Peer 1: 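This is the structure, below, for whatever I ask next.
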Amino acid sequence: MLSSKLLRFRDPQLAAIWEKVRHGERLSKDDGLALYATHDVIGLGRMANEVSRAKSGDSVYFVLNQKFEPTNICVLSCKFCDFAVKKGAPEAYEQSIEEMLSMLNPNIREVHITMGLHPDWEWQYYVDMVRRIKENFPLIDVKAFTAVEIDFFAKKFKKTHEEVLSELKAVGLKTMPGGGAEVFSERVRKLIFNQKIGAKTWFEVHRKAHRLGIQSNVTMLYGHVETIEERIEHMMKVRDVQDETGGFLTFIPLAFQPGDTGIKTRNNFTSAIDDLKTIAISRLMLDNVPHIKAYWVMLTAEVAAVALNFGADDMDGTVGYERIAHDAGATSPMQLQKEKIISIIHEAGKIPVERDVWYNPLHIYTAEGTTVVSKMPYLNSVPFYAEFEPSSGDVKVAPLVPHVFGEFAKEGKVDAGPMSLMDYAEQQDEFDMLDYGVAVNGKAYSVLLYSHYEWSKLSGKRIGITGETSTSVNLLRVLLEKKYGVKDVKFERLHLTSSQNDYTHFDAVLLIGDEALRRHKLGGLGTFLNVYDLAEEWHAWKKMPFVFAVWAVRKTVAGDHREAIVEALEHSLAFTKGKEVELGRDHAKRLGMTREELGTYISAFTYTLGSAEKEAIDTFLGEVYNIVTM
Ligand code: SF4
C-alpha cells in the first residue's frame, strides 16, 4: 500500500508505524508489540481500516454456510477443548452421512466440516462424506478437515499427506479450514495441547495443500495462556509461509471461550478492546493475507460489527449449525440469519458481498442511497484507485473483476467504474461514458492466448476462455474469424479461481489480467508453445489502439455522487502520474515482477480516451456486431 493519507494519532509511536504502512514497509515484531501496547485504540483501528479498504474497498464478505461436526469423539484430550469426549461417554455422538445430507440446506454455498479424531472410522467414510455431499449438492463447496485431521488420517491410514489431500480433492474437497493452529508456540503447545501437532506439521500440511491447489484459512486462538509476543510471532510465521505459497485466504483470530476447560486465563473472556486490537493488528502485520475474519460466533455480533471498521472484511457466514463454540459457552445466537448479517454490515457503513469459498462475489446488497463504484483488481488499474477517495461517504468501492461488475450493473447493484467495453456497449442506455478507460497501443502483456496451434489451425478446436471479461473474449473471436478466417471454435468458460482450472484438455487458453502476468512470470502455461498477445495482434491488423474498459456512470446516479466520483478519479490519475511504478510495486511483487518489468508493463497503458481510442471502440464494436449478424 502506498498512500498520501495522513492520519492523526494520540500515540506518537502509531504515527511512525503508519509511515511504514503507507510506504508499503513490512511491520516488525517490535511494531506489533507497540501496537498491542498502545492506548490509542481508535488510531489503531483507523490504520487497520485504511489497509483493509486498500485491499477490499468497502466490501465485507459473508457466505451462506452450514457447519458440521459429525462426531465429538476424539482420541486426544486437548486441555482447552470443551467439545471432545471419549467413546462411550453419555454425550458422545456420531452422525451418519445420510443424517448430514438430510440436514444440509440446499441453498447454502459452503459446508464447513471439522470433527473429533475418531478412533474407529474408516478412511472410506471420510472420502464418501465429501463425495456424497458433492454428488447430492453440486453447488455446495466443501471446506473440510483441519491440518490436525489430515495428519491424523495420514498416520492412521498409512498414507502421505499428499495422498490424503489428493484423494479428498478428487472427490470434491475445495478448501481447508484454518483450525488446529491454536498458537504457534512450543511453550503453549506443551502446556495445553501437547498431544496435538505443532507449528511445523501444521504448516507442512497447509504448504502441501496449497501446492495441490487447495487454498486454506489460518486461525489464532488467543486469550488463554499465550503471551502478546507469542501472538505476534504467530502472525509472523503465517506471513512467512504466505510469502512462499500465497495459499492462505483468510486469517481468523479466535477469542478463547474458557467454558469448563479449567484453563486459567488472564481475564476469563477476552475483552472487546483485546478482540478489536487483535483484529486490527492482524490486518496490519499480515500484509500478504487477503482477508481478516471477524468470527461473530465467538466475538458476539456487536463486537464483530465494530471489528468491520478495525480491519476485518469478512463476517464468516450464516453458520446454520455450530456446536464447538457453544459447548464452550459462546453467547452469540445459534443462527444469525443472512438479513441480520446484511444489516450489521450496512450499519458498519460497508457493503455486504455474498461470496463463494474463494471469495468470488455472488451477490451484492447495496443500501438505499448508496452509490457503488467497482474497483478493477488488476495491476494496470492502480492509477485509478491509489488516491480514489470520493468526498461523499455514500459513494462506496467494491473490488470486482470486469465480468462480475457487468453482471451486477445489469441487476442495478453497481453504478460506476471501469466497465468492460462489451458490457458498456450492452448497457449504454443505462450508463454514461467518461473520457477515461484502459487502452493500449500495441502489446498489453496481460491478454494472452496460450495455444498448442498456430492461429490458422484453431478451427474446430476447444478454447478455454477467461471468466473475467467478455471484451477479451470478443477480441479473440474477432481475431479468429475476421483476421484469420478460423471457424467453429468451441469456447468453454474457465473457473474464476485459477487453482480450480485444469488447462490440460484445452487446445488453447485465453488468460487476462494478473493471472496472465503471473503465468507469464512462471514461464508460461503448461505445454502450450505458442503465446499470442491479443492487443498486439489487433494493433498489427488495424493499426489502432485497443480499448479494454471505459469508465461509466449510471445515468440515474445523483449529481453530487457523480461529481464526487469524477473528482476522485481525476485526482487519483493526476496524483499517480509519474509514480505508477512506485505505486504498483507491492502489487507487482506479488506477481513476481521486477521493477523494470513493471515499468514496461504499466507504461503500455493509456487511461485517458482521446479520438484515436474512441475510433478504435467503434471499429471493434463494428467487427463484433458484424460477426453476430453474419
Ligand atoms: S481440540 Fe480437536 S484434537 Fe483436541 S481434543 Fe478437541 S477435538 Fe480433539
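Order of listing sets the numbers, starting from 1, for every ligand and every atom in it. When a residue number appears, it is its place in the shown sequence, counting from 1. Because the structure is a prediction, the values reported are computed rather than measured.
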Peer 1: Can you tell me if CD on E122 sees more than 12 non-hydrogen neighbours from other groups inside 6.0 Å?
Peer 2: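 No, the 6.0 Å shell around CD holds no more than 12 heavy atoms from other groups.
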Peer 1: May I ask you to decide if the ring planes of W121 and H118 are parallel, tilted or perpendicular, using 30° and 60° as cut-offs?
Peer 2: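 Aromatic pair W121/H118 classed parallel.
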Peer 1: When you measure from atom 8 (Fe) of ligand 1 to the N, O or S atoms of C74, does any of those distances fall below 2.8 Å?
Peer 2: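 Checking C74: at least one N, O or S atom is under 2.8 Å.
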Peer 1: Looking only at heavy atoms, is any part of Q195 under 4.0 Å from ligand 1, and if so is it the side chain, the backbone, or both, or is it neither?
Peer 2: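 Under 4.0 Å from ligand 1, Q195 contributes no heavy atoms.
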Peer 1: Please write down residue, atom name and distance for the protein heavy atom closest to atom 2 (Fe) of ligand 1.
Peer 2: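 Result: K196 NZ, 3.9 Å.
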Peer 1: For the residue pair W358 and H495, does the interplanar ring angle fall in the parallel (under 30°), tilted (30 to 60°) or perpendicular (over 60°) class?
Peer 2: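 It falls in the perpendicular class, over 60°.
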Peer 1: Salt-bridge test for E226 and R231: reply yes if a basic N is under 4.0 Å from a carboxylate O, no otherwise.
Peer 2: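 Here E226 pairs with R231 in a salt bridge, since their nearest N and O are under 4.0 Å apart.
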Peer 1: What I want to find out is whether E186 reaches R189 closely enough, with some N-O distance under 4.0 Å, to be called a salt bridge.
Peer 2: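 Salt bridge between E186 and R189, a charged N being under 4.0 Å from a carboxylate O: yes.
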Peer 1: Just checking: C81, one of its N/O/S atoms, less than 2.8 Å away from atom 6 (Fe) of ligand 1, yes or no?
Peer 2: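 C81 does place an N, O or S atom closer than 2.8 Å to atom 6 (Fe) of ligand 1.
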Peer 1: Looking only at protein heavy atoms, which one is nearest to atom 4 (Fe) of ligand 1, and what is the separation?
Peer 2: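 Protein heavy atom with the smallest distance to atom 4 (Fe) of ligand 1: C78 SG, 2.4 Å.
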